[in-house]
Structures are given as structure tokens and as C-alpha cells.
Amino acid sequence: MHDGYAYCEIRLLFFYLKSLLRKIIFLRMTKNNEWWRGCVMYQVYPRSYCDANGDGIGDLRGIISKLDYIASLGVDAVWISPFFKSPMKDFGYDVSDYRDVDPIFGSIQDFLELLKEAHRLGLKILIDQVWSHTSDQHRWFKDSRQCRSNHMADWYIWADPQPDGTPPNNWMSYQVGPAWTWDGRRRQYYLHHYIPEQPALNLRNPNVRQEIKNTAAFWLDLGVDGFRVDALHTHIYDKDLRSNPARAGNNFNNSRDVPDSNPMSFQDRIYTVNTPENIVWVEEIREHINKWEGRCLLAEVGGDNTEKDAVDYCQTDKRMHMAYSYGLVKSDMSKKCLTKTIGKVEEIIDDGWMCWSIGNHDIKRVLNRVNPHYADKAALAKYLMALLLSLRGTPCIYQGEELGLPQAELAFEDLVNPFDISLYPDHMGSDGARTPMPWMKTAPNAGFSNTTHKTWLPIPPGHVALAADRQEKDEQSILNEYKRFIAWRKGQDILLTGAFEFVEADGDILAYMRSLDDKKMLCVFNTSDSPASWNYDVDGLEAMEEVNHNASYDGKGFELAPYGYGFFRLTK
Ligand code: GLC
Ligand code: CA
């Protein structure tokens, strides 16, 4: 009897221990699988990162040579813009073979080496996947355009002209002008949301969907940690090709991804972007990606209301892991814009997760959007960094932001980007944000390339003074501030996953409270180039001096120098 009890108890204990162990393993796994939540990402634009073979264009071996640098920043993950086979009409976003590396960038072997080396350094690698369109030189499109009855006839969006020969509807392209181009062989128009060399794939076609999933599998099997899904908003169009209505009222807003100078912005793009079918497709992709452990999907979301749509795409664990919108990427970072953009997201985010960035390869660099003539660029750059890295979500730093690079001023003759050229002079500024990285102050081409010819875009003299090697030696440099801040942030759970709430503050001061369990941190920023003060009487505020810049609290209120910022732990 007695023995029986003991036996039962031991079994119970054993059972309890086993379930505890399972729980611990599960928790650790979830934690590990959710590495993307609150990590710091870094975007590499391969053409401009580092040129290893001296042809004036950056390449994969160049990136490999800089992985130590990337790891030294303290970032956790790297998103690499496209390096796949491409005629380069949109500099790699026009892919002609999804499973091969363009010789300009190297080979698959180079990529595998990059991946291995990155993983050795503890860096995750996300690669760009362009699934909304291919290059017109892709084998699929070459076949599809031959006639109306070939085996790939409906792999793209083909449509008959109207009786008068004009395009099927009023849809516009990002490059300015109609989204339709005529093809004499089929005597039909094909759709392209971007340039005519980027025909839109027909993602309603199950064969196309399957092929995209096979492509994803190819890279996941090679070991990539995730994808940045290009132009998710333009994946699936209205089946009936209905014309978009004219934009209702004068609702120009910062959440729109096209400038007002592009006639596309005259429409409410209800039939071309973020259609309801897109969500169904997203869930299908997610289900597919889930077969590989610990991978992550980050969506680029454009359109007319990018915050709302970005949040939609990352709701629940059935959709994207994260999405980024255009609100901040295009922002002037004024208090009004920050409050509106972040506020909109916070209101609806629920269990979704945003990826925040203040710049990328498509948009004028942030320093020139905020206060182009402000003299103390270093103070401005550090302030923008602190702001980005303390929001709720996953911050993504665009290469060169850590050096405080301003937008490169390029002459019209130097422009190469088709969108910049079409919209000149009111363009988005892609080329000026894509100039090569300055690595060494005194080396030819600032250490980016040893070519004796021209680099693919010029390196502005102003950037050379900001070269990485110089900043590494200067304790007070922007680069070292990034390293310090990122290292400090790693230890602040509140910033990694905590809740976010705005705190009403005076004048140009922006303040928010981050909180986790019973811990709270107040983040305070002077969004202007004049000194600012704010009376705020609260007990137990403790300044986190190690990261604060020109911000003080005397028990009754804050004093902040222009673009000063501070983080304060609430101890009561
Ligand atoms: C995305 C990319 C951009 C590209 C476009 C078309 O917006 O960021 O560079 O031109 O998609 O692929
Ligand atoms: Ca090269």
C-alpha cells in the first residue's frame, strides 16, 4: 500500500518534471523563434556597400568583408536588397532568375559563404523577394508574351484594349503614366505597376503561386532567416480590372507612398493596392514559411493608407511577422507627423508587430528631410537614432545612417534611377540615398572600391569626411553613439517588447512612456532646433545618463537643448 503511494508520487513528480521541461523548452523555442521581435535590423543595399572586385559596383564579397563591421554595430539581423539575376533596369528589383545570383554581385557560392559567416557572427540574414513582378527578361514573361495560348499565357496580367485602342482602365504606374504597355504579338496590354520592364505577375494563378512558394523554399533550404517581401501592396489586383475612382477630396496625407507630383496620387487606389485577396495570399505564404523553423517575413507596405494596411498584414500569427509603412520613412519627423503616424499604429496594432525605419534605398535620407540646414548634424543624427531605437517594434537602420550621411546632391546627369528621372526635380531621392558607403577617409573612392574608373554613383566629398574609419577612432562620433546605444538597448527589456503610450508634453517636446510589467521608462525628445522646457512634476525619475544627450530633469521639469533627448527610469 505504502509502496504503491510512493510509486504514484514518483510518477506524479516525474510527470510534473517532464511537463515543466517541455514548457521550458517550448518557451525557449518561442523566444528564439521570435528573435525578430524587438531586434535591431540593418539594411544593406549591395550595389553601394563595398566593391570587392574593383568594377565600381558593390558585391557579395564586399559585404562579406564588412560583416565584422556590421556585427560590431551590435545589430541582430541584416536585410540585403536584391542580388539576383537581373537586367538592372530597376537595379535588381527586376529579377530575371529568382534562384541565381547576378554575376555583378558574385555567385551562389559567395552567398553561401556570406550566410555562413553572418551566422557565425550571430547575424540573421533576410533577403529581398520580389514577387509582385518579374523582369521582362524572365523566361516566364518571354514565353507569356509569345501568344495568347501558350503554357504561360496567364502568368501575367494581360488585357484587351478598349475599342478605341486605349488601355483597359485608368491604372497608373509608380514611374508616372499608365500602368499598361502594349505588346504587338498578343495585341494586348500587360500590366506593370512600376516600370514597363517589370510586368506584374498574375498571383491569382495557382501555378504562379506554387512557383513563388518553390522559390521561397529554395532560399529557406539554403538557410536564410527570412524575407523582406517587396511591394506586398501590389501583389493582387482587382479581378475585374475596374478603374480606380478619383481621389475623394483633398486628402493628401503622409501615409501615402507616392509624392503628390505623381498623377497616381490623384486616385484612390482601391482596385490596385491592398485588395482583400492580398490578405488571403499572405496567409498562404505564412503557412508555407511556417514549415521552416524560426524564419520571418517582413513586408513592405505601400498604398494610400500605409499604416493601417501594414498593421492589417501583421495581425495574428497567420500573416506577416512584421510590416513597414511609409509614414516615418517619408516623414519630416515633426512632432505632428510623429504623433500622427505612431499614434495611428498604436491605436490598432493589437498583437501585430511593426518594423520602423526612417530611411531606405527609395527615399531621400532622413537628415535632409528633417532640417537640411541645421548645422549640428551630429546632434540631429544621434537624436534620430535614439528616437528610432526606442519605438515599440523592430527598428531598421538604413546603411549610412550610423555614419550620419546626409542626402547626396546629384546632378540630373548623374541620376540613374528610373523613378527619380521620371519625377525630376520633385523625385523621391533614391539615387542620392544610394551613393557608395565611405569606409576610409584617405583611400581612393573612400575605400568603397579600388576602381580607377567611376563608381556606379559618385561618392560625395561631404561623405568622405564621415568615413567609418575616422568615426571609429572618435569616441564622440555618431557611429560610436550608435554602438553604445544599441548595446545599452539590449539590456532594456522595456524597450524591446514593452508597451507604448504617449505622454502629453509642452511645445515641441515629444514624450512617451514604455512599460513592461511594473517597470516604466519615460522617453523625452526635443523635436526642434531651439531649446525647450517642460514642467513635469513626478516623483522618482532617474536619468539614464549613459545614453542621454543634452536633457536634464531637476525634479520639477525638463530642459532640453535643440534635439536633446533623455531616458528616465521611473523608480516609484
Ligand atoms: C519596392 C522597392 C523599390 C522598387 C519597387 C519595385 O518599393 O523598394 O526599390 O523599385 O519595389 O520592385
Ligand atoms: Ca564589384
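Start at 1 and go down the list; that is how both ligands and their atoms are numbered. Values in this document were obtained by computation on a predicted structure and should not be read as measured data.
- Using cut-offs of 30° and 60° on the angle between ring planes, the pair Trp140 and Trp155 is perpendicular.
- For Tyr398 and Trp79, the gap between ring centers reaches or exceeds 6.0 Å.
- In this structure, Asp257 contributes its side chain and Tyr326 its backbone to no donor-acceptor pair below 3.5 Å.
- In summary, the side chains of Tyr194 and Asp94 do not present any donor paired with an acceptor at a separation below 3.5 Å, with no hydrogens or angles considered.
- Take Arg295 and apply the side-chain hydrogen bond (donor to acceptor under 3.5 Å, both in side chains) test, not counting sequence neighbours, and it matches no residue.
- Note that CG of Asp97 is 13.0 Å distant from CD of Gln137, once rounded to the nearest 0.5 Å.
- Excluding waters, the count of protein N/O/S atoms less than 3.0 Å from the Ca ion (ligand 2) comes to 5.
- Classification of the Phe141-Trp158 ring pair by plane angle, with boundaries at 30° and 60°, yields parallel.
- For Arg365, there are no side-chain hydrogen bond (donor to acceptor under 3.5 Å, both in side chains) partners, not counting sequence neighbours.
- In this structure, Trp439 and Leu403 have side chains that are not in contact, with every pair of non-hydrogen atoms separated by 4.5 Å or more.
- The contact shell of ligand 1, taken as protein residues with any non-hydrogen atom closer than 4.0 angstrom, comprises Asp90, Tyr93, His133, Tyr194, Gln198, Arg228, Asp230, Glu300, His361, Asp362, Phe419, Arg434.
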